[in-house]
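Both ligands and their constituent atoms are indexed starting at 1 by order of listing. Just so we're clear, the structure is a prediction, and the values are computed from it rather than from any experiment.
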Amino acid sequence: MNKFWRCGAGLALLASASLAFAEFPDKPVTLVVPFAAGGPSDKIARDLAEALRKPLGQTVIVENAAGAGGTIGSTKVARAAPDGYTLLLHHIGMATAPALYRKLSYKVPEDFETLGLINEAPSVVIGKPMLAANNFAELRQWIASNGGKVNLAHAGLGSASHLCGLMFQSALKTSMTPVPYKGTAPAMTDLIGGQVDLMCEQATNAVPQIEGKKVKVYGITSLKRLPLPSLKDAPTLSEAGLADFNVQVWHGLYAPRGTPPAVLAKLNAALRVALKDPDLIKREEALGLTVVSDERLEPAGHRKHLEAEKARWSKVIKDAGEYAD
Ligand code: MLT
């Protein structure tokens, strides 16, 4: 092939590639959730998938790839074709996995394109229903006198409840006995049944149990109280004496590294429309979630937040000495 023809063929290839991106998406998009079906992240993903359908003009299929604190699903997306058809919805665990897992098969943030944050979800400190303490001051007293005998449930290494529990112990300057479960559902079942004492769980999962009076609530982990009827008397931990305590689980949307800019722009535009959907906002607010500010909806704002959270948590995790090989 001479130079002229080679150049012509190259231009034709480029033109057909940009045409393909212009038509994106022309088939269903898969949204990988790295946690089990029925859990808090899955719930958010299913609501978001529905809200994305209209702006994308395509169905968004939720796929649960659970295990190893979200790292199995994240690995899957890091290795997927960077064409915009495989996305990842992940929570704060995206920022903490590099400190928690010694052998991680992907790099954060390098192996992903950040598409924008989705929401922030405060957690709540909840206790088994038969616990004698009726408020945070009494709980603190009870923890102080029982020390390492207090059981603290969590949904597995790298889960939001694990991370919040680490921060809670560090703020109280105490160590409890961690009880890891394989997910939020069995941890909550044992808390309700009284087999474990406490858990620091995402409001998304805890609010229905608080409303049903199946667990006791002691405090909210964000700096603002939650405007939900079942939490109207629950103080923030900061108000209750743990100055500046602030743990927010946040969710973000990701694509594999190398996804073309035109596709990323379309996905970000669709995410912005989806997050203004009144039905989605109503459903999120009922669970104590808040949709993020416009600045964090930008890929760059999302990346900045991810990097700041990675730095903040790596110290907490290092101090706690909890990691997996
Ligand atoms: C889930 O959806 O199972 C949770 O977000 C897991 C967790 O607590 O981190």
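The existence of a salt bridge linking Glu113 and Arg303 is excluded, since no basic side-chain nitrogen approaches an acidic carboxylate oxygen closer than 4.0 Å. A salt bridge links Arg53 with Glu50: at least one charged nitrogen is closer than 4.0 Å to a carboxylate oxygen. By the 4.0 Å N-to-carboxylate-O rule, Arg312 lies close enough to Glu309 to be salt-bridged with it.
Side-chain polar atoms of Thr236 and Ser238 form no donor-acceptor pair below 3.5 angstrom. Judged by distance alone, the side chains of Lys216 and Asn134 do bring a donor and an acceptor atom under 3.5 Å apart.
Ligand 1 places these atoms under 4.0 Å from at least one heavy atom of Thr184: 8 (O). Heavy-atom proximity to Ser159, at under 4.0 Å, picks out these atoms of ligand 1: 7 (C), 8 (O), 9 (O). Contact atoms of ligand 1 toward His91: 5 (O), 7 (C), 9 (O) (distance under 4.0 Å to a heavy atom of the residue). The ligand atoms of ligand 1 that sit less than 4.0 angstrom from a heavy atom of Gly39 are 2 (O).
In this structure, Gly183 does not count as a contact residue of ligand 1, since none of its heavy atoms falls inside 4.0 Å of the ligand.
At least one N or O atom of Ala160, backbone or side chain, sits closer than 3.5 Å to an N or O atom of ligand 1. Considering backbone and side-chain N/O of Gln202, one or more are found under 3.5 Å from N/O of ligand 1.
Residue-level proximity to ligand 1 for His162 is absent, since no heavy atom of it falls below 4.0 angstrom.
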Given the rule in the side-chain hydrogen bond (donor to acceptor under 3.5 Å, both in side chains) test, do Asn135 and Tyr218 qualify, once you have shown the distances and angles that lead to the verdict?
CA-CA 6 Å; Asn135 53 48; Tyr218 294 104; over 6 Å; no
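In terms of protein heavy-atom proximity, atom 3 (O) of ligand 1 is nearest to Phe35 CB, 3.5 Å. In terms of protein heavy-atom proximity, atom 5 (O) of ligand 1 is closest to Ser41 OG, 2.8 Å.
Residue Tyr85 forms a side chain to side chain donor-acceptor pair (under 3.5 Å) with just one option from Thr30, Asp26, Thr259, and that option is Asp26.
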